[in-house]
Amino acid sequence: MEVLPSYEQAVAGLDWLDLVAPYIPIADWSHCCLVDKRFWRQFAPRLWQDPLVTVRLLGIHPNDELAWYRRFINKHVKSARLETRSYVRSLDFREFAVRASGLYSSDASERVISESFKSLPHIFPGLICLLLDGHPELDPGSLATAGSASQPLQLLDLARCRHELSTKFFTPDLFRDLVFLNISFIPGSVKSATQTSLNPTYLPELRVLRVQGREMDNATASLLVQTFRRQLWSLDLSYNKLGDEVLDEIVEHSVSHFNFHNDSQFKKEGKLVLPKEIGSRKHGPFEFIEESENSCDPQFLLRYFADAPFYSARAGQAEPQEWQAIRPDGLSAIRRDDANTIKRLLLDEAMSPLTRNYDAFHEPRHLGHSGLTHLYLNGNKFTATGIGRLLKTSRGRLEHFECDSCLYNSSHPRISRNLKGLRVSGFLGSAPLFRPVISSALRSLRAHHSLVTQVPSLSAEGLSRTTAARLAEGQLYKNIQRAYPLALVPDTNPRITSLTLTNIPAQSTGPIIERLVNFLQLASSQQKIIRDAKAVFSGRSSSVLSGLAHIRLELEPGFSESKDAISASDEVDFDRLLDPADEDFAHDALSFFDGDDGSFGVTSRSTAATRPSQWKSSNSAANTKEYAHWTSGRLESPPYADVDSEYMTQHVDAADSWTGNVYRVPVWIGPGIIGPHAAVNEYMWNVQDPDLRKDIGPATPTHVAAGVPPLSYIFYAAWDAMVIPKNMAQAAKSAGSEPFKDVAIAIKEYRLGTRGTEHHWDGKLELVRTSR
């Protein structure tokens, strides 16, 4: 929301030149400056405001950029008046005067930029934006010794500079007004910089901080968030060495303590309930989602309406107090935090001081520092459980969130013994975390494609990409559908307007393509329902959410099936792995069932029998046979032999408790009788394994959809064990030979097929092939 103008500004008449100037082509600006002083005052600031960008827009050839810069600095600038030089507000060196080879035309030319760089704040006293991202020559260290300048910088982008910054780099007054700072992929210690100058003492106005690729560990990141606390509203910690431990620090120190979670939207979203003040260190507080009569009804039109505006019973109170946490209504555009947008806003503000947009960078004045709303966690070592805990404990404050991949951490102790280096990545069963009842303010999301496709990313030592892809889209996909039937769809959160799916394989045997196409179909359906809602409530059409408007699909590089087959045959001896006489295999192997014949996957390491002694000693084949023939009767192994009800009481130690208190909780184990829900049957079978009777947590909507009673606690270890086959080597051997299809071609064919029909989604769809 823009700051309202003063009375003088509101009644002042606008000059017609102020209205037409923004529409004059750039090529005519220099001619307009020659008309008279009035035109000069209007167009000279536009011409000089961002000279390196302006000259490129005028069509200069990249090979001539360096020669132009030499003339600009050595001739034009020296002859220009101070007033004219003060019009320069931005110097954007990104990709400027850099040849394809990364070299310059001559040694003399190379020095012109670096020599002038030392004096830029003095040459251009009005400079507020300086962007060097990736420029190979510039050493930003000279800025720290530049001395005082008439105008401190407000935007500084130093990403990918080759020179290490001094720990005292940010102490000069030149940086005291910085709003945006990018120090990604630069050598040097973030810890030392934070302790010395990278802190609110020297950067009191900083709101957007990029710290990618700095090899930060949890301790350094914790120090950073504890130092800035809730001063920042955007923080990028991508491509570091961070784990789940730092997530609690981020929530505690950087996210506002005022909660967006409340019961006001219960009718259309459900509500969070906490029957007991308990939780675990792994999963956070044990909150359940209590559904209303309409919260799961996709045809309930009120879900597409924005929140009602804030009203106060107190006369004169137009804005909420700090303690009144009112979440965004979902209608206004999400606040952008990229360098280009912030540069544009700063330059517009400099050009039009009468229309200052304070809220573009700072929080509303009456709220002070309201904490993080934009968080980037790509390329780290987080687990799906850790990210889930972050989302549940961040009090619904995040508006933009990115985590391109995370590890699916199964609780089973011996899950990958017969396939080394096994890594399963993805957001499996995480879709409910992004509902408005939890992610209340979320408008933009970038996450692993499994959130939509339910197909994880799979890798292991010696496992070819084709085999891994077939295994992920085959047996794992079927297991995930059984255990976690709910995937993210557009109506999971109608407030989300932008979704980016990452790490999508370039080729698919079918499921990934089917899920992506289905998602586009559902986006089209959402679009139609929103249009109908606007028509039905014509008087309130401005209060209807826009729905999903942007989808970006990031595809991985393609792979060759023939080359992968050759490399796999040299690295993996599947015959040895599958030899029943092999000692290691006899100890660890376990048959796997995909459920097609009506049986269920045996997911515990030692398959249950009817007596505890048989549970430990019986071999895999015998236990598989017993499981396949379990069609009636109640299980007789513990815990079913010890209790008559569907619940057992479980003790949780203080070391595992979220609050540090010891507590007991009734955990649902099922009736012990085979029923209509495949996942529940498998869960009951797994509960017989004492190693899987741990990791207690609340049943989520996806567990409830699979057959678990609402508001029940379950053993997550027993539930998660059904996802990954215990004999991965055998599963890889029988992964099938389905042909691969190109995902991008399939998506394009679907889009062409729906064009001009009512099933065509009108939003913006991007297909991007990544380099890794």
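Computed over heavy atoms, backbone and side chain alike; hydrogens, waters and symmetry mates excluded.
One finds the OG1 atom of Thr659 at 12.5 Å from the NZ atom of Lys276 (value rounded to the nearest 0.5 Å).
The salt bridge (Lys or Arg N to Asp or Glu O under 4.0 Å) check on Glu554 picks up Arg446, Arg552, with sequence neighbours excluded. Qualifying salt bridge (Lys or Arg N to Asp or Glu O under 4.0 Å) partners for Asp307, counting only residues two or more places apart in sequence or in other chains: Lys268, Arg327, Arg495. For the salt bridge (Lys or Arg N to Asp or Glu O under 4.0 Å) test, no residue two or more places apart in sequence or in another chain qualifies with Lys271.
Looking only at atom types and distance, the side chain of Asp653 has no donor-acceptor partner in the side chain of Tyr663 under 3.5 Å away. One side chain, Ser508 or Glu473, offers a donor N or O that lies under 3.5 Å from an acceptor on the other. In this model, a donor atom of one side chain and an acceptor atom of the other lie less than 3.5 Å apart for Ser457 and His448. Neither side chain, Asn294 nor Ser292, offers a donor N or O lying under 3.5 Å from an acceptor on the other. Side-chain contact check for His703 and Thr700: at least one donor-acceptor pair (N or O, by modelled atom type) lies under 3.5 Å. Remark: the Asn518 side chain and the Arg515 side chain contain no N/O donor-acceptor pair separated by less than 3.5 Å. Of the N and O atoms on the side chains of Gln481 and Tyr477, at least one donor lies less than 3.5 Å from an acceptor on the other residue. Counted by atom type alone, His374 and Ser234 present zero donor-acceptor pairs between their side chains at under 3.5 Å.
For Tyr376 and Tyr239, the ring centers sit 6.0 Å or farther from each other.
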Report the C-alpha distance between Lys282 and Asp695 in whole Å, list the side-chain angles of each, state the deciding distance to 0.1 Å, and finish with yes or no for salt bridge (Lys or Arg N to Asp or Glu O under 4.0 Å). CA-CA 8 Å; Lys282 184 175 181 180; Asp695 196 10; 3.1 Å; yes

Is there a salt bridge (Lys or Arg N to Asp or Glu O under 4.0 Å) between Glu293 and Lys267? Walk through the geometry before answering. CA-CA 7 Å; Glu293 182 181 354; Lys267 186 175 182 180; over 6 Å; no

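At distances below 3.5 Å, at least one donor-acceptor pair connects side-chain atoms of Arg303 with backbone N or O atoms of Asp297. For His257 (side chain) and Glu252 (main-chain N/O), a donor-acceptor pair under 3.5 Å exists by modelled atom type. Not one N or O on the side chain of Glu215 forms a donor-acceptor pair closer than 3.5 Å with the backbone of Lys241. In this structure, Ser712 contributes its side chain and Pro709 its backbone to a donor-acceptor pair below 3.5 Å. With Asp244 contributing its side chain and Thr383 its backbone, the two residues share a donor-acceptor pair below 3.5 Å.
Taking both residues in full, the closest heavy atoms of Val255 and Arg395 are given as O-NH2, 3.4 Å, listed atom of the first, atom of the second, then distance. Looking at every heavy atom in both residues, Glu269 comes nearest to Val437 through O-CB, 3.8 Å.
Within the structure, salt bridge (charged side-chain N to carboxylate O under 4.0 Å, His left out) contacts touching residues 381-392 (residues at least two apart or in different chains) are Asp248-Arg389. Listed by first and then second residue, the salt bridge (charged side-chain N to carboxylate O under 4.0 Å, His left out) pairs involving residues 421-438 are Glu291-Arg435 (not counting sequence neighbours). Counting only residues at least two apart or on different chains, no salt bridge (charged side-chain N to carboxylate O under 4.0 Å, His left out) pair has a member in residues 654-672.
The one candidate from Ile696, Val662, Asn661, Ile278 that meets the side chain to side chain contact (heavy atoms under 4.5 Å, CB included) condition with Val652 is Ile696. In summary, of the residues considered (Thr502, Thr492, Leu445), a side chain to side chain contact (heavy atoms under 4.5 Å, CB included) with Leu451 occurs for Leu445 alone.
Looking only at side-chain heavy atoms (C-beta outward), Val687 and Tyr640 come within less than 4.5 Å of each other.
The aromatic rings of Tyr683 and Trp719 lie tilted to each other, with the angle between the two planes from 30° to 60°.
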